[in-house]
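Side chains are part of it too, since the values below use all heavy atoms of this structure and drop only hydrogens, waters and symmetry mates. First listed ligand is number 1; within each ligand, the first listed atom is number 1.
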Amino acid sequence: MSTVIKGARPYGEGDPVDVLIEDGVITGIGTVQAPEDAEVIDARGQVLLPGFVDLHTHLREPGREDTETIDSGSAAAALGGYTAVFAMANTDPVADNAVIVEHVWRRGQEVGLVDVHPVGAVTVGLKGEKLAELGTMANSQAGVKVFSDDGLCVADPLLMRRALEYSTALDVVIAQHAEEPRLTVGAQAHEGERAARLGYTGWPAAAEESIVARDCLLALHANARLHVCHVSTSGTADVLRWAKDRGTKVSAEVTPHHLLLTDERLATYDPVNKVNPPLRTESDAEKLRAALADGTIDCVATDHAPHAVQDKDTEWSAARPGMLGLQTALSIVTETMVRTGLLDWRGVARVMSERPAEIGNLADQGRPIAVGEPANLALVDPDAEWTVRGAELASIAANTPYEGMRLPGVVTATLLRGRITARDGKIG
Ligand code: DOR
Ligand code: ZN
Ligand code: ZN
């Protein structure tokens with residue numbers, strides 16, 4: 001089985017070249033001799049990137065298959081240019097044991113559109129009381145590489161310390177949803193002028209920054225790897241800069257929505273804009289974009305969070321936090337980072353593929369586009385635009401904050417180990 005991508009520009013650089021793929025591996029770049037029966041993708045000068053890797057996806061299987069399944073979420077991922085996603089543990093039942101993580105891994109392989117790597121819970125039932133059996137999950141068939149109680153913070157410093165200490169022996173990473181719960185009781189929106197005016201209880205920046213500072217110190221002393229989920233404030237970027245300068249093994253992600261959207265959206269009262277951590281100020285968004293560009297924040301992760309209509313389309317305080325992200329991530333990064341000149345396509349490859357693959361310890365993802373490398377690839381038309389329609393996205397849920405927006409950057413093909421998983425907006 002072979003495929004040839006004709007006239008693509010790897011990393012958006014240089015003259016168009018042909019890329020030959022045989023048995024899942026790149027076997028030729030330049031002017032290639034393709035077998036007659038090879039499948040042809042005419043790239044017409046489009047940008048070829050390593051397939052994207054999402055460190056932070058909520059698929060709702062098991063438990064809320066009315067909002068997303070491994071099947072529907074995998075389709076959304078493939079259409080978004082992803083070849084691997086990490087599925088968060090806050091399912092029902094929680095992914096805190098080998099049975100659940102092996103189910104998620106196996107189901108992902110059966111669907112076959114994207115590698116679905118289950119994230120294991122740090123604590124039993126996400127209760128923050130007792131460590132889950134990290135070793136059993138790491139050594140299971142699912143080979144869990146990332147552990148997180150995401151949705152909730154591992155708030156107890158002693159538990160967090162123990163988790164970090166164990167993680168070193170297993171060579172895994174602890175991903176923290178940084179939110180000091182005592183500081184966010186009843187919080188509904190970013191603590192600031194806009195929330196105050198609307199009468200919403202505020203979610204202060206310090207609730208995030210204080211946990212990130214604490215965890216960086218714990219990680220440094222344990223010589224452990226810490227990953228900070230969805231950085232939302234400029235102060236967190238400052239803490240990360242400081243911690244990295246001191247040699248802390250800390251990495252961090254920012255979501256597309258925190259790069260583009262701000263708490264100005266509160267004025268709409270539309271809970272589609274409710275997310276945790278909340279949308280912050282324009283100044284925060286600007287500093288997050290700069291921190292992503294300079295490497296203080298390592299990568300983009302979607303925090304793709306599907307929710308049912310009845311859980312979103314309700315009064316603000318009752319609505320669940322979270323928004324879809326897999327199919328719009330590349331476009332938002334194009335808008336906020338590429339069109340602004342903050343990142344070139346090489347930089348996009350770094351933040352959407354290479355760094356997340358390194359952080360998640362995936363040997364076959366985020367690899368160079370070169371002969372002998374696995375053909376995990378995303379082809380992007382940088383000049384095309386599209387209009388987002390929640391109902392047309394592959395997710396079962398439709399809670400996109402970008403409804404009706406015209407966005408630049410279209411994923412025209414995705415290949416997983418040489419197999420076409422998405423093409424021209426359709427699966428396979
Ligand atoms: O907005 C969010 N949604 N933040 C989280 O931490 C959890 C997530 C979800 O599971 O819906
Ligand atoms: Zn979270
Ligand atoms: Zn999340």
Side-chain angles (χ1 to χ4, degrees), residues 54-69 73 76-77 85-95 104 117-123 125-126 128 146-155 160 173-181 184 187-190 203 207-208 211-212 215 226-233 236 252-258 261 263 265-266 270-280 299-314 316-326 329 356 360 395-401:
D54 191 12
L55 280 173
H56 194 144
T57 306
H58 295 272
L59 304 178
R60 302 299 193 193
E61 184 178 341
R64 284 306 299 266
E65 291 87 347
D66 59 316
T67 63
E68 195 80 290
T69 61
V85 301
F86 285 79
M88 276 298 173
N90 67 338
T91 48
D92 183 13
V94 171
V104 172
H117 295 278
V119 173
V122 175
T123 70
L126 307 179
V146 179
F147 290 89
S148 181
D149 272 7
D150 182 62
L152 296 166
C153 183
V154 181
M160 189 59 183
V173 63
I174 307 292
Q176 176 73 294
H177 168 117
E179 173 183 357
E180 168 47 60
T184 59
Q188 293 292 335
H190 170 62
W203 200 127
E208 176 172 300
I211 291 290
V212 175
D215 288 354
L226 167 71
H227 179 72
V228 180
C229 295
H230 42 52
V231 174
S232 72
T233 80
T236 297
E253 68 190 33
V254 62
T255 68
H257 48 271
H258 288 110
L261 306 177
D263 67 345
R265 285 277 186 119
L266 292 185
D270 186 343
V272 78
N273 299 303
K274 183 172 173 180
V275 65
N276 191 20
L279 300 179
R280 304 276 183 194
C299 65
V300 171
T302 65
D303 202 1
H304 178 85
H307 285 297
V309 175
Q310 68 270 24
D311 295 326
K312 264 323 231 184
D313 218 353
T314 171
W316 184 281
S317 61
R320 301 243 172 116
M323 35 184 70
L324 299 185
L326 284 168
S395 289
I396 296 171
N399 54 304
T400 174

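Among T91, D311, T69, D92, the single residue meeting the side chain to side chain donor-acceptor pair (under 3.5 Å) criterion with R64 is D311. The side chain to side chain donor-acceptor pair (under 3.5 Å) with E68 is formed by just one residue from the set R60, H307, H58, H304; it is H304.
Judged by distance alone, with hydrogens and angles left aside, the side-chain atoms of E179 form no donor-acceptor pair with the main-chain N or O of T184 at under 3.5 Å. Within the 3.5 Å criterion, the main-chain N or O of A305 finds a donor-acceptor partner in the side chain of N399.
Sorted by chain and number, the heavy-atom contacts of ligand 1 below 4.0 Å come from H58, R60, N90, D150, G151, H177, V275, N276, D303, A305, H307, P321, G322.
The distance from the CG atom of D313 to the CG atom of D270 is 7.5 Å, given to the nearest 0.5 Å.
A side-chain N or O of D150 and one of H230 form a donor-acceptor pair less than 3.5 Å apart. Side chains of R280 and T233: a donor-acceptor N/O pair is absent below 3.5 angstrom, by distance only.
Between S232 and H190, the closest side-chain pair of non-hydrogen atoms is not below 4.5 Å.
Within the protein, the N, O or S atoms sitting under 2.8 Å from the Zn ion (ligand 2) are D150 OD1, H177 ND1, H230 NE2.
Between F86 and L55, the shortest heavy-atom distance links the atoms CB-O, 3.5 Å.
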